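Everything numeric in this text was worked out from a predicted model, so none of it was measured.
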Amino acid sequence: MIGASDHVAGDALVRDGHTEVVDVFFDDLDAFGMVYHGRFAALLEHAITVMFARSGLSVGHPDLTVVVRELQIVFERPVTKAGPVEVTLRVEQLGRTSAVFAFRFHSGEMTYAHGRRVVVKIDPRTVAPEPWTDSTRDLLRRTFLDAR
């Protein structure tokens with residue numbers, strides 16, 4: 001188990017960044033009354049979707065045509081009930097066509113899971129990597145990278 005003073009990213013714990021609240025529903029729980037491990041990816045997607053929408057980027061925006069290249073999740077303790085869970089997100093790295101998001105699922109200081117999600121922006125017609133627009137690059141840098 002990780003300690004409250006640990007600070008790591010990617011492999012690490014995210015303590016600063018942008019926090020969204022996602023709702024865990026009864027059907028997210030498995031037969032043991034814990035959030036099924038496969039549901040964490042969907043819950044993370046909900047948090048990221050809301051984060052981008054609050055920043056002015058919604059579904060259909062050209063810079064939201066991304067594919068997930070990598071998803072790494074380290075589970076620390078189970079979520080054992082339905083209700084709100086916080087997801088703190090931070091851009092760890094911003095490339096020409098990609099971004100690395102570090103994240104942490106938690107309730108206050110209690111961490112349930114943490115990890116990283118790497119996305120690549122693509123051209124929807126060719127499915128080839130495509131650079132972020134300057135406005136999105138500025139938004140990601142200003143809101144999620146420089147805010148540390």
Side-chain angles (χ1 to χ4, degrees), residues 1-3 6-25 27-30 34-79 82-148:
M1 295 289 192
I2 53 178
D6 292 338
H7 178 75
V8 286
D11 271 339
L13 214 52
V14 176
R15 297 230 178 258
D16 57 348
H18 180 86
T19 300
E20 291 293 342
V21 175
V22 295
D23 288 317
V24 171
F25 292 96
D27 63 348
D28 293 320
L29 306 177
D30 63 16
M34 297 180 267
V35 171
Y36 174 67
H37 72 277
R39 293 297 300 155
F40 278 86
L43 293 169
L44 177 62
E45 191 70 38
H46 293 299
I48 289 172
T49 300
V50 170
M51 174 190 77
F52 275 120
R54 288 185 200 278
S55 300
L57 302 177
S58 58
V59 175
H61 188 282
D63 277 344
L64 291 186
T65 304
V66 299
V67 293
V68 176
R69 178 183 169 106
E70 176 184 331
L71 177 62
Q72 177 188 31
I73 304 175
V74 177
F75 299 99
E76 296 295 340
R77 61 182 49 86
V79 176
V85 172
E86 297 166 283
V87 181
T88 298
L89 304 135
R90 175 175 70 222
V91 174
E92 284 291 307
Q93 222 175 337
L94 183 59
R96 189 171 82 64
T97 63
S98 64
V100 178
F101 290 88
F103 62 86
R104 179 170 74 107
F105 285 86
H106 59 100
S107 291
E109 288 300 310
M110 180 178 295
T111 298
Y112 301 112
H114 59 95
R116 61 187 250 143
R117 179 179 186 254
V118 180
V119 296
V120 178
K121 181 188 176 230
I122 61 167
D123 179 317
R125 293 176 308 279
T126 65
V127 194
E130 179 176 71
W132 300 107
T133 60
D134 289 341
S135 60
T136 297
R137 177 177 294 288
D138 290 344
L139 173 78
L140 289 171
R141 189 175 286 126
R142 182 179 63 254
T143 309
F144 306 108
L145 191 64
D146 294 341
R148 294 191 248 169

What is the distance from atom [atom1] of [X] to atom [atom2] of [Y], rounded to the nearest 0.5 Å?
| X | Y | atom1 | atom2 | value |
| --- | --- | --- | --- | --- |
| F103 | H114 | CZ | NE2 | 9.0 Å |
| L94 | R141 | CG | CZ | 5.5 Å |
| E109 | E86 | CD | CD | 9.5 Å |
| S98 | I122 | OG | CD1 | 13.5 Å |
| T19 | R104 | OG1 | CZ | 7.5 Å |

Which pair of non-hydrogen atoms, one from [X] and one from [Y], has the smallest distance, and what is that distance?
| X | Y | result |
| --- | --- | --- |
| A113 | I73 | CB-CG2, 4.0 Å |
| R116 | V100 | NH1-CG1, 3.9 Å |
| T111 | H106 | CA-CB, 4.0 Å |
| S107 | P84 | OG-O, 4.3 Å |
| R90 | G17 | CB-CA, 4.4 Å |
| M51 | F101 | CE-CE2, 3.7 Å |

Going by the side-chain hydrogen bond (donor to acceptor under 3.5 Å, both in side chains) test, which pairs reach into residues 48-57, not counting sequence neighbours?
->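 Those involving residues 48-57 are E20-R54.
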Can you run down the side-chain hydrogen bond (donor to acceptor under 3.5 Å, both in side chains) pairs that involve residues 56-65, sequence neighbours left out, and say none if there aren't any?
-> D63-K121, D63-T133, D63-T136
F75 CZ: over 12 foreign heavy atoms closer than 6.0 Å =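 Enclosed.
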Taking atom CG of D27 as the centre, report whether more than 12 heavy atoms of other residues, nucleotides or ligands fall under 6.0 Å from it.
->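 Enclosed.
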Those residues that, when tested against T97, pass side chain to side chain donor-acceptor pair (under 3.5 Å) (two or more places apart) = none
What pairs with D28 under side chain to side chain donor-acceptor pair (under 3.5 Å), at least two apart in sequence or on another chain?
->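 Expected list: R39.
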Side-chain donor-acceptor distances from residues 40-48 under 3.5 Å, at least two apart:
from : atom 1 : to   : atom 2 : distance (Å)
E45  : OE1    : R117 : NH2    : 2.6

So, do L139 and W132 sit near enough that their side-chain heavy atoms are less than 4.5 Å apart?
->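 Counting from C-beta outward, L139 and W132 never come under 4.5 Å.
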Under 4.5 Å between any side-chain heavy atoms of V35 and L29, yes or no?
-> yes
Take V85 and Y112 through the side chain to side chain contact (heavy atoms under 4.5 Å, CB included) test and state the conclusion after the steps.
-> CA-CA 9 Å; V85 172; Y112 301 112; 4.2 Å; yes
By salt bridge (Lys or Arg N to Asp or Glu O under 4.0 Å), D123 pairs with (sequence neighbours left out) R125
